[in-house]
Amino acid sequence: MKEYSSDKIRNVAVVSHDGAGKTALVESLLLTSGAVDFVGKGQDNKHIMDFEPEEIKRNVTIQLGMAPCEWHDHKVNFVDTPGYNEFHGEVRAALRACDGMLMVLSATSGVETDTVRAWDYAVELQMPRMAFINKMDVDGADFFGTIERMRELFGKGIMPLQIPIGEGANFEGVVDVAKMTAFTYKDGQPTEIAVPAHLIEKAQEIREMTVEAAAEGSDELLEKYLEGEELSLEEIRQGLREGMISGRVCPIMCGSATSRIGLDQVLDRMIRYMPDATKKVMTATDAGTGEQCVVHVDKPLTAFVFKTLLDPFAGKQSFVRIFSGELKEGDRLYDVNQGVEEKWGKMVTLIGKQQIPVSAAKAGDIVVIPKLANAKTGDTLTAPDFKVTYDAIRFPQPLYTVALEPVKKGEEEKLASAVLKVAEEDPTCVVVKNAEARQLQIDCMGEVHLEHILNKMDRKYGVQAKLVTPYIPYRETIKGSAETESKYKKQSGGHGQYGHVKIQVDPLYDGSEFAFVDKIFGGAVPKQYIPAVEKGAKETLDKGLIAGYPMIGVQVTLLDGSYHSVDSSELAFKVATSQAIKDVIPKAKPVLLEPIYEVNVFAPDAFMGDIMGDLNSRRGRVLGMEQSERTGISVVKAQVPLAEMADYVTALRSITQGQGVFNRQFYTYEEVPHKQAEEIIAARKTQE
């Protein structure tokens, strides 16, 4: 594959809801362009892009993949992404690396949940969007119904560039409404024909919409259009391109990936309408001054690691988008985030898993650099004399928490190492080493994502894990005040031990976990032993007095005591204090606390009643509901105990047919209801 200048490069993220035929489209585009000689179909598991064992088994895309091709003296870097929502982090990584998005929709299913999710994220990134309505040759295909629904959800900028010739079994080609000509296909090869008579009126209607949208692309074209002058084909294309780049217009095409109908026109429009890399202007942070700066393609080398793959045999592969400058073999490469210069030997591009060597790559290109020792996803790579950083990718928050143990005893370190390697590849797998629980926990996106993680650890690193109940960080506190005294006296030959304290405990209501007050007068307890009293109190409270959870919100006051000039020691006062705490806490109305989280649930209005009912069943307090930024989507705000949220990711998807999402953050600790507290305390005692 030859080297291309920045203005000849197009980077396109291909996204869809699961099952819309996105990967089949990418592979058929590769075949149409001549980048590959053969592609698999349907369930035959001979796909170029889906080559991981889990992808082959499920016949779905799990991780993003590169698919460059050459077309009319241009290079198009397609980045294929997963359609299933639990792997949406891969979509965000792909969109960060690309300059435009191609949405693939099924003509039979229309607009689906993850199509909307990808659209919203592209809008947030101000990314130009195009769409391809696939499966026009499948029974039940409804092109105009899909267009209508898209316009309802995404606005009047949805603009068909084509209409189909037939639908379902009768689908044979497309009408180009701008040129008012038509194409039929056989074995992927187009034949130009006149627009069929029964489609002329509809094509002209759509063409008028297209011309109007194009005219709004510039003041000059709009003035010409309003004066009744006919826009030329090139002017229409110019207006559509400007409208698409500004985000006002989303051009729509149609066809069939498996029958290879309309694919040459998709490639044509990638080149015609998608922004070239010279238009990409990035905002970076100067690593030296911390100030913001603008980076154009002609600046020194900057690049961004948007994906990392690890393989026990092949090593690490870093997927890199070059935003400025040029990278050639032998160039120095500095990782600004890690503060080190990276040693590297070669770079490649990938078609699926096939590696194609690359000797040089200009701004705008996407390459893979093997075996970078330090680079991680989200790192910025630069020339050593131009140290800037780009913002990290905003990955979705993983909210499905599980705890893992190795199936085989003694493989704890092996399991921890495997999980950390998986997390390095996948930022939506977050490892939580819970020292309090002595548990290895991971936060992931859901049950399917978890299964993929477990399979990957077994296949790549030879370690099997089993699930255990995640530890809930309960706390203990007191609701009343009490006082006691304790004397520790021990004589066993030689120096003895003597410590005597009188203490009072009180609840704290200011949010503090612990406070110590010294009220000793006259040296009843010498100053050198006061820290030992405080330490003894704190350490005993940290171990818990009801169920073994740390006790918080307690003030300990040292009221009085006594000492022995020879036998007293720090240890003696520490032990005396510990005994006093154990004696006084049961008198101070101890209770168990649980973590409460603030939860925001986003879902279509139709599901609000079921969502609030489910939250109530989880002992949640629903605080209210309000309209979100998107029409028809509301937000339920609630406070819910963490202990009741374990399966909420799965439950919410079930309640909302996959359309609901939520976020959460820690709010406070509150008293556990008496019945639940008894069960928790009893369970802890059986573990001892």
Side-chain angles (χ1 to χ4, degrees), residues 12-32 39-44 47-50 55 58-65 67 78-88 90-92 94-95 98 100-122 127 129-154 158 160 162 164 167-168 171 174 250-263 265-267 269-270 448 653 657-659:
V12 182
V14 188
V15 305
S16 79
H17 190 90
D18 187 39
K22 162 188 48 57
T23 299
L25 173 63
V26 171
E27 293 181 346
S28 292
L29 289 169
L30 295 176
L31 182 60
T32 299
V39 298
K41 289 188 177 181
Q43 302 286 333
D44 68 5
H47 291 292
I48 296 166
M49 304 305 298
D50 294 342
E55 294 178 315
R58 294 179 177 274
N59 200 39
V60 297
T61 304
I62 289 176
Q63 63 188 25
L64 67 79
F78 289 110
V79 181
D80 184 33
T81 66
Y84 193 68
N85 57 13
E86 291 189 15
F87 303 103
H88 191 67
E90 299 286 300
V91 177
R92 296 197 174 199
L95 291 180
C98 293
M101 182 179 83
L102 176 65
M103 294 194 312
V104 182
L105 297 91
S106 166
T108 57
S109 303
V111 182
E112 298 175 274
T113 306
D114 287 304
T115 317
V116 177
R117 193 167 289 136
W119 173 278
D120 288 344
Y121 191 50
M127 175 170 283
R129 301 168 291 286
M130 298 180 74
F132 180 78
I133 298 177
N134 190 28
K135 300 189 177 183
M136 287 301 307
D137 55 349
V138 176
D139 287 343
D142 185 0
F143 174 80
F144 292 106
T146 302
I147 291 291
E148 184 178 345
R149 180 60 177 154
M150 291 179 74
R151 289 173 75 88
E152 287 176 8
L153 288 171
F154 307 139
I158 297 298
Q162 303 167 332
E167 291 182 337
F171 179 61
V174 296
C250 175
I252 311 296
M253 298 163 288
C254 65
S256 167
T258 55
S259 300
R260 295 176 58 207
I261 297 177
L263 303 193
Q265 297 197 39
V266 173
L267 290 166
R269 285 168 174 80
M270 293 293 105
V448 175
R653 286 190 185 130
Q657 299 170 18
Q659 299 178 64

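What you see is a predicted model, and the numbers here were worked out from it, not measured in a lab.
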Exercise for the section: Check whether any side-chain heavy atom of Val111 lies under 4.5 Å from a side-chain heavy atom of Phe154, and answer yes or no. Expected result: yes
Completion exercise
Separation between CZ (Arg269) and CZ (Phe132), nearest 0.5 Å, reads 11.0 Å
Practice task
Please round to the nearest 0.5 Å and tell me the distance separating atom CG of Asp80 and atom CG of Leu29.
Solution key: 10.5 Å
Handout entry: Side-chain heavy-atom pair Thr32, Leu267 within 4.5 angstrom cut-off
Key = yes
Completion exercise
Taken to the nearest 0.5 Å, the spacing of Met136 CE from Thr108 OG1 works out to 10.0 Å
Practice task
Kindly determine whether Met253 and Gln265 satisfy side-chain contact (heavy atoms from CB on, under 4.5 Å), including the steps that lead there.
Solution key: CA-CA 8 Å; Met253 298 163 288; Gln265 297 197 39; 5.6 Å; no
Exercise for the section: Kindly determine whether Cys250 and Trp119 satisfy side-chain contact (heavy atoms from CB on, under 4.5 Å), including the steps that lead there. Expected result: CA-CA 11 Å; Cys250 175; Trp119 173 278; 3.9 Å; yes
Problem - Heavy-atom side-chain contact between Leu25 and Leu263 under 4.5 Å - result: yes
Practice task
Could you tell me whether Arg151 and Glu148 make a salt bridge, using a distance below 4.0 angstrom between a side-chain N and a carboxylate O?
Solution key: no
Handout entry: Residue pair Val12 / Met130, side-chain heavy-atom distance below 4.5 Å
Key = no
Problem - Lys22 side-chain N/O to Thr81 backbone N/O, donor-acceptor pair under 3.5 Å - result: yes
Problem - Residue pair Met127 / Leu95: nearest heavy atoms and the distance that separates them - result: CE-O, 2.9 Å
Handout entry: Donor-acceptor pair, side chain of Asn134 and main chain of Ala257, under 3.5 angstrom
Key = yes
Practice task
Output the distance between atom CD1 (Ile133) and atom CG (Asp142), rounded to the nearest 0.5 Å.
Solution key: 9.0 Å
Practice task
I would like to know whether Asp137 and Thr258 meet side-chain contact (heavy atoms from CB on, under 4.5 Å); could you show each step before the answer?
Solution key: CA-CA 9 Å; Asp137 55 349; Thr258 55; 3.9 Å; yes
Problem - Under-4.0 Å salt bridge between Asp114 and Arg117 - result: yes
Exercise for the section: Using a 4.5 Å cut-off on heavy atoms from C-beta on, say whether the side chain of Met270 contacts that of Leu102. Expected result: yes
Completion exercise
Shortest non-hydrogen pair, Val104 vs Ala20, comes out as O-CB, 3.6 Å
Practice task
Give a yes or no on whether the backbone of Leu64 and the side-chain of Glu90 come within a donor-acceptor separation of less than 3.5 Å.
Solution key: yes
Completion exercise
Paired with Leu105, the side-chain contact (heavy atoms from CB on, under 4.5 Å) test is passed by just one of Met150, Lys135, His17, namely Met150
Practice task
Answer yes or no: is there a donor N or O on one side and an acceptor on the other, between the side chain of Glu86 and the main chain of Val448, under 3.5 Å?
Solution key: yes
Fill in the blank from the handout: Heavy-atom closest pair (Phe143 atom, Glu167 atom, distance to 0.1 Å) is N-OE2, 3.0 Å
Handout entry: Closest contact, heavy atoms only, Phe171 versus Ser256
Key = CE2-N, 4.1 Å
Practice task
Applying side-chain contact (heavy atoms from CB on, under 4.5 Å), run through Arg129 and Met103 and close with a yes or a no.
Solution key: CA-CA 7 Å; Arg129 301 168 291 286; Met103 294 194 312; 5.5 Å; no
